[in-house]
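Reviewing the structure listed below.
Letters A, B, ... mirror the listed sequences (proteins, then strands); counts begin at 1. Worth saying up front: this structure is predicted, and the values here are computed from it rather than measured.
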There are 2 protein chains.
Amino acid sequence: MTKQQQVILRLVQTSCAHCSADEIYRAAKSEMPGIGLATVYRNLNQLSEEGKIRKIETVGETDRFDKTLNQHEHAVCRMCGSMRDINVENIAEEIKKGLEGMEFTYELSVHELCKECRAKIEKQQAEIGA
Amino acid sequence: MTKQQQVILRLVQTSCAHCSADEIYRAAKSEMPGIGLATVYRNLNQLSEEGKIRKIETVGETDRFDKTLNQHEHAVCRMCGSMRDINVENIAEEIKKGLEGMEFTYELSVHELCKECRAKIEKQQAEIGA
DNA sequence: AGAAAAATGAGAATTATTCTCAAAAAATTT
DNA sequence: AAATTTTTTGAGAATAATTCTCATTTTTCT
């Protein structure tokens, strides 16, 4: 673990919640002036792949990073961009409310493997096994 | 309604489902060679604001456009990018399934007005009224 | 038809993020 | 500890989707 990685991890864990890469970059820069933006991005992605931090991707917003690992969702303010945590269990309820009162809007992005691609992968694996 | 707008609307309604702006652009170009990309984007956004078509925004994917107006969600294949419709009523259920079996991943993007901004707006409206 | 308003198209601008690659740092081997 | 290999860094270029600008064209209104 390099010094840069340590600084970045600590910043995500201790400084502002729901930070953007750029916010982390500026914070990191103030204690390590030579650090590069690419390094910040590289490590943020790496740390989130390792499960040490969580990357929050939202439609229309820049990615943010969070220390909280357990499953929860986020709501972004249309005006000021502030982000707050919302509870997974309430989603269905909140969605229903939202659809009625238009108190909020949401976009659900689901990523899967479609039937065709699943079949393709299974075929490939069978070939390797043969 | 300009000719361009008519062509664009018709293409969304009749050609490929879940088209990207670029796909619409190329299709439009083949029957109206002079059309510009900016015009396609402009009209797609306008049409979706008018509620005549629907813009599908997804984390990590380029925007797509859909003729289907009623509320439903979409699932994108991680490998080939193909998109299929999924039913709104099953969201909570599907999310739960997803969390258990990791058959798919999802990102929920909620957009709202935070308390502070709501208060700000109400204050402004009160001032105008006074 | 003529004037005013709106829409178009070409290309520049924007923005967040990733990529490239030479130099620096870290890890490993002797 | 020196030498060698591997990994990581940092600067800036590249990318890619979308929006913006603005002169020109088209449409609308009278």
Sugar-phosphate, base or nothing in reach of Asp22(B), heavy atoms under 4.0 Å: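 Nothing: the residue Asp22(B), judged by heavy atoms under 4.0 Å, touches no strand.
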
Touch class at under 4.0 angstrom, heavy-atom based, for Thr39(A) against every strand present: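 Base: the residue Thr39(A), judged by heavy atoms under 4.0 Å, touches a nucleobase.
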
How many whole angstroms separate atom [atom1] of [X] from atom [atom2] of [N]?
X: Ile35(B); N: dG11(C); atom1: CD1; atom2: P; result: 16 Å
X: Glu57(A); N: dT18(C); atom1: CD; atom2: C1'; result: 14 Å
X: Gln46(B); N: dT8(C); atom1: CD; atom2: P; result: 7 Å
X: Arg42(A); N: dG10(D); atom1: CZ; atom2: C1'; result: 7 Å
X: Lys3(A); N: dT9(D); atom1: NZ; atom2: P; result: 12 Å
X: Gln6(A); N: dT8(D); atom1: CD; atom2: P; result: 13 Å
X: Leu37(B); N: dA10(C); atom1: CG; atom2: P; result: 10 Å
X: Gln4(B); N: dT26(D); atom1: CD; atom2: C1'; result: 9 Å

Any side-chain heavy-atom pair of Ile121(A) and Gln125(A) under 4.5 Å: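 With C-beta onward as the side chain, the pair touches.
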
Note, Gln4(A) side chain near Val40(A) side chain (heavy atom, < 4.5 Å):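 A side-chain contact is absent here, since even the closest heavy-atom pair is not under 4.5 Å.
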
Donor on one side chain, acceptor on other, Tyr106(A) and Glu73(B), under 3.5 Å: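 A donor-acceptor contact under 3.5 Å links the two side chains.
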
Under 3.5 Å side-chain donor-acceptor pair for Arg78(A) and Thr105(A):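 There is such a pair (donor and acceptor under 3.5 Å, judged by atom type) between the side chains of Arg78(A) and Thr105(A).
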
Phosphate-side-chain proximity, Thr2(B) and dT8(C), N/O vs OP1/OP2 below 4.0 Å: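 Checking dT8(C) against Thr2(B), a side-chain N or O does come within under 4.0 Å of OP1 or OP2.
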
Tyr41(A) side chain near dT18(C) phosphate (N/O to OP1/OP2, under 4.0 Å):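 Answer is no, no contact under 4.0 Å.
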
Asn43(B), nearest nucleotide to its side chain (from dT18(D), dT8(C), dT9(D)):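 Output: dT8(C).
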
Nearest to side-chain heavy atoms of Asp63(B), which nucleotide of dA26(C), dT18(D), dT9(D):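 Per side-chain heavy atoms of Asp63(B), the pick is dT18(D).
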
Stepwise disulfide (SG to SG under 2.5 Å) test for Cys77(A) and Cys80(A): CA-CA 6 Å; Cys77(A) 177; Cys80(A) 68; 3.7 Å; no

